[in-house]
Protein chains: 2
Amino acid sequence: MTGYNTRQRQMIISCLKENSDRHMTADMLIKRLLQSGVSVGRATVYRTLDKLCREGAVRRYELSVENSACYQYIDGSADCGEHFHLKCECCGELIHLDCGHFSKLSEHIEKEHAFKVDNAKTVLYGLCENCAAASMKNRG
Amino acid sequence: MTGYNTRQRQMIISCLKENSDRHMTADMLIKRLLQSGVSVGRATVYRTLDKLCREGAVRRYELSVENSACYQYIDGSADCGEHFHLKCECCGELIHLDCGHFSKLSEHIEKEHAFKVDNAKTVLYGLCENCAAASMKNRG
DNA sequence: TTGCGTGCAAAGGTTTTGCATGGCA
DNA sequence: TGCCATGCAAAACCTTTGCACGCAA
């Protein structure tokens, strides 16, 4: 991270790292920091997230399920480039999937359809097991 | 479509149908209607889109490329369930792809990972041919 | 000391809502 | 006639920006 190493920035990054397994909105981040007794201004949070995104340390998603952008910390040494994400449209659960089939699809699309898929940014929407079952029940 | 058949609703649906091959924001819709000499209030447009979405005639997307939601008319008789979408993060182009590989991936995910992918809602992000080439050039 | 980072408040854009009026059935 | 639909304006959101002050290096 370039620039100054301030208390606020430390706390934001630390909180993002602790929750690197999920997608957080700016608001969730602010509230979680508050719970830890740390108050950080909204503008600072947005500016820091923007900076981290540009540096590649954080990834930004627009998830239809939420009405605000989501952010996720990307550990450079982790395998986040390998796996991809499923997001349940119903309960909002985010599922990380390490599955060769998706990589193969990416390769196919790149070779045959001349489009380079961004595994990290792409999110497959649908219904998770629980919600699909609940949906079946409601329909009778 | 349930409810009354008003002039505004007719025009909105008509415009959506004419542009069913692309993703339109509420604003694009309003502007296009204005160009046709039809003025429809913003609230009406949003309310109608919301209604159409709930009825399944229109699909709503949150595309990271735009800063507002996009809507697309779904022709019940068309094959929109069959194909899926690629969206270039760079130029914003939306590509429709009829490709069995994706259907196979969906099947695999449903069977092996207990997650029912919504082909229609899912958008794969990445770089189109042109933008990928341009990106290569810039890097030398 | 320099200049980036911060916080507040205000502005920006998109979407929603309240309310009186309009218009379909 | 009854009730949904419309339009305006205002509100509610999320996010960005201007500006003065604070603080890391």
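All chains are named by letter (A, B, ...) in the order of the sequence lines, taking the proteins before the strands, and each is independently numbered beginning at 1.
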Closest to the side chain of A:Ala43, out of D:dC14, D:dC8, C:dA9, is C:dA9
Distance check needed: D:dA11 P versus B:Tyr46 OH, whole Å only.
19 Å
Parallel, tilted or perpendicular: which fits the ring planes of B:His108 and B:His113, with parallel below 30° and perpendicular above 60°?
perpendicular
If you compare every side-chain N and O of A:Gln8 against the phosphate oxygens of D:dG22 (OP1, OP2), does one of them come in below 4.0 Å?
no
Just the rounded figure in Å: distance from C1' of D:dG7 to OH of B:Tyr4.
18 Å
Which whole-number value in Å describes the distance from A:Leu29 CG to D:dT15 P?
12 Å
Going by heavy atoms in the side chains, are B:Tyr125 and B:Lys87 under 4.5 Å from each other?
yes
Please tell me which of A:Asp27 and A:Arg47 maps to the more 5' nucleotide of DNA chain D, matching each residue to the nucleotide holding its nearest heavy atom.
A:Asp27
Taking the side chain from A:Lys104 and the backbone from B:His101, do they hold a donor-acceptor pair closer than 3.5 Å?
no
Rounding to a whole Å, what distance do you find between A:Ile13:CD1 and C:dG5:P?
11 Å
Where does the angle between the aromatic ring planes of A:His85 and A:His23 fall among parallel (under 30°), tilted (30 to 60°) and perpendicular (over 60°)?
perpendicular
Roughly how many Å is it from CE in B:Met11 to P in D:dT6, rounded to a whole number?
13 Å
Assign A:Asp50 to base, sugar-phosphate, or nothing according to its heavy-atom contacts below 4.0 angstrom with the strands shown.
nothing
Contact under 4.0 Å: B:Thr44 side-chain N or O vs D:dG7 OP1/OP2:
yes
Within this structure, what is the CG-to-P distance between B:Leu49 and D:dA5, rounded to whole angstrom?
14 Å
B:Ile30 vs B:Arg42 side-chain heavy atoms within contact, under 4.5 Å
yes
From the options C:dT15, D:dA5, D:dT15, select the nucleotide whose nearest atom is closest to the side chain of B:Thr6.
D:dA5
Round to the nearest Å and state the distance from B:Arg7 atom CZ to C:dG23 atom P.
9 Å
OP1 or OP2 of C:dT6 sitting under 4.0 Å from any side-chain N/O of A:Arg9?
yes
How many Å lie between CD1 on B:Ile30 and P on C:dT16, as a whole number?
12 Å
Is the distance from OP1 or OP2 of D:dC4 to the nearest side-chain N or O of B:Lys51 less than 4.0 Å?
no
